[in-house]
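Everything numeric here is computed off the predicted structure, so don't read it as measured data. The sequence lines fix the lettering, A, B, ..., with proteins before strands; numbering per chain opens at 1.
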There are 2 protein chains.
Amino acid sequence: MPGTPKTAAAGTASRILDVAERLVQVRGFNGFSYAHVARELNVTTASLHYHFASKAELGEALIERYSERFAGSLAEIDRRPAAAPAKLEAYSELYADELRGRRMCLCGVLAAEYETLPPPMREAIVRFFDLNEEWLAGVLEQGRRERTLAFAGSARTAARMIVSGLEGAMLVARPYGDLSRYKAAAAALLGSLADGPR
Amino acid sequence: MPGTPKTAAAGTASRILDVAERLVQVRGFNGFSYAHVARELNVTTASLHYHFASKAELGEALIERYSERFAGSLAEIDRRPAAAPAKLEAYSELYADELRGRRMCLCGVLAAEYETLPPPMREAIVRFFDLNEEWLAGVLEQGRRERTLAFAGSARTAARMIVSGLEGAMLVARPYGDLSRYKAAAAALLGSLADGPR
DNA sequence: GTCTATAGGCAGATAGAC
DNA sequence: GTCTATCTGCCTATAGAC
C-alpha cells in the first residue's frame, strides 16, 4: 500500500474509492471494472493498480471506508438526545439518501454477490450488518424503556427485521426508480413498532 | 428458438435452465458464464448457444420460467381455503425453501444488478415484483375482512412492505448461512400484521 | 443437436520507462 | 505516481463439420 497522502484532502486513492463505490452500488462488484474507474478519472488502469494492487484489495477498502462513514453517521445521530422513533427515522433517511443517487447500500449489493467474493470482503460485509444490528438494538431498547416503541421478542430480533426490511426496500425500490416505494415500505415497517393504541 | 422437445420431460433446454437458474441465484447474473453451465452439463458452450442464442435470451427465459413456477405456487396456496395468516406463512415458506439451497429469490439477486441488465430482463423483473405484490394485496384484504390481520394504510402498501421485507431477509440471511435469521425476520414482519390485543 | 475451432473483446494484472 | 506496452485468461458468440 502506498504511503498516506500528506494532506487529508481528497487524494488519488480517495477519488478512486469515490468512483468505485458509486459503480459498485449501482452495478455490483462483478459489474464494474478497473477500466470503468480509470475512464472516469482520466487515468490508466495501471495507475489504479498502484493504489490498489488487486480488485479484491479495492473491494476491502471500499467496505472499510463505507462502514466507517456509516458508523460516523450513526454516532452523529446519537450525538444529540432524541426519542427512539426519531432515531429510527434518521436511520431510515441514511439509506433514502443512497437511493436518491440511484444507489443502494454498498453491502446490500455485495450480499447479493456474496458467494463470488473473496473471504476478506465477505467478513467485512458481515461486520457491517452486525454494526447496523447492534446500533438498532440499542435504539430499540431505548424505545422500550421510554415506551415510545413496542415490539414482541428481543430487541435484537427486531433490529434484524429492520436491517433486512430496509435493505430489501432499497433493493426492490430501485428497479421502479421510485424513492417513494422505499419511503412507504420504511414507514410501514417502522410504524409497526410505534407504541400506542391501535 | 429451437422447436419444443417432443416429450414434456426434462429436455436439454430445461436442464440448461435448471443449472443456470441455480448459478444466478447463488452467484448473480454477472457472476456466472456459459462455461460454468456447460461444465456442469458436460457439453460445450457452443451447444448452449444453440438453445439460447445469447446470455440475454437465457436471462429472459430464466425469469419467465421462474415467474410462472412462482405464480403456480401461489395458485396452489389459493387452491384450498385458508385464513390469511396461514397464506402469508405459506408464502414466506416459498422463499425459505430457496434459502435452504443457499439460493435467494432469482429476481431479488437480479434487482441488485438491475442497472447492468438488458431492458427485457428489467421489465420481467418488475413484473415479478408486481405479481408478488398483487397476490399479497389480495391476501391482506382478505385478512382485513376476516379480522385476522390488522394494518394501517392500504393493502398495497402493506404488500410492498412484505415483498421488500422478505427479499431483504433473504439477502441478509445468506451471508450468515443461517436460515433462522430469515425465519425470525419473516416471523417478526408477518407477526406485526396479526390482529388481536397486544 | 452437439461438436471443434476460433474470432474478437474485455478482464485483471505486471514490467519497466519516465 | 503515472505512463506505454504487454501478458494471460476468460468471456460471449459464430462458422461449419458431423
Side-chain angles (χ1 to χ4, degrees), chain A residues 1-21 23-24 26-63 110 113 115-121, chain B residues 1-21 23-24 26-63 110 113 115-121:
Chain A
M1 181 94 44
T4 307
K6 290 153 196 87
T7 72
T12 307
S14 171
R15 271 176 302 150
I16 293 169
L17 290 172
D18 290 341
V19 173
E21 182 179 82
L23 285 170
V24 174
V26 172
R27 302 178 51 91
F29 193 72
N30 295 325
F32 95 104
S33 70
Y34 271 46
H36 290 142
V37 179
R39 195 175 179 284
E40 287 202 38
L41 292 175
N42 281 304
V43 294
T44 63
T45 60
S47 177
L48 299 185
H49 276 284
Y50 170 80
H51 296 280
F52 300 96
S54 70
K55 200 182 175 185
E57 276 183 37
L58 173 56
E60 289 175 55
L62 282 174
I63 305 172
L110 294 176
E113 302 175 289
E115 212 62 37
T116 71
L117 303 177
M121 285 184 68
Chain B
M1 181 92 45
T4 307
K6 289 151 195 89
T7 73
T12 307
S14 172
R15 272 176 300 149
I16 294 169
L17 289 172
D18 289 343
V19 173
E21 183 180 81
L23 284 170
V24 174
V26 172
R27 303 177 50 91
F29 193 73
N30 295 325
F32 94 105
S33 71
Y34 271 44
H36 290 141
V37 179
R39 195 175 180 286
E40 287 202 39
L41 292 175
N42 281 304
V43 294
T44 62
T45 60
S47 177
L48 300 185
H49 277 284
Y50 170 80
H51 296 280
F52 300 97
S54 69
K55 200 181 176 185
E57 274 183 39
L58 173 56
E60 290 175 54
L62 282 173
I63 306 173
L110 294 176
E113 303 174 288
E115 212 62 38
T116 71
L117 302 177
M121 286 184 68

**OP:** Specify the separation, in whole Å, of atom CG of A/Leu58 and atom P of C/dA11.
**Re:** 14 Å
Original post:
Nearest-Å distance, CG (B/Asn30) to C1' (C/dG12)?
Top reply: 16 Å
Original post:
Taking atom CZ of A/Arg15 and atom CD of A/Glu40, what is their separation to the nearest 0.5 Å?
Top reply: 12.5 Å
Original post:
Hey, what do you get for CZ (A/Arg39) to OG1 (A/Thr45), rounding to the nearest 0.5 Å?
Top reply: 14.0 Å
Looking at [X], I'd like to know whether one of its side-chain N or O atoms comes within less than 4.0 Å of OP1 or OP2 on [N].
X	N	answer
A/Tyr50	D/dG1	yes
B/Thr44	C/dA5	no
B/Ser47	C/dG1	no

**OP:** Indicate yes or no for a side-chain donor-acceptor contact from A/Glu113 to the backbone of A/Asn30 under 3.5 Å, with no hydrogens or angles considered.
**Re:** yes
**OP:** Measure from the side-chain N and O atoms of B/His51 to the backbone N and O of B/Leu48, and report whether any donor-acceptor pair falls under 3.5 Å.
**Re:** no
Original post:
How does each nucleotide of nucleotides 11-18 of chain D score, in 5' to 3' order, for protein heavy atoms under 4.0 Å: base (B), sugar-phosphate only (S), or none (-)?
Top reply: SSBBB---
Subject >> A/Ala46: side-chain contact (heavy atoms from CB on, under 4.5 Å) partners, not counting sequence neighbours >> reply: A/Thr44
Subject >> Closest non-hydrogen atom pair between A/Glu115 and B/Arg27, with its separation >> reply: O-NH1, 4.5 Å
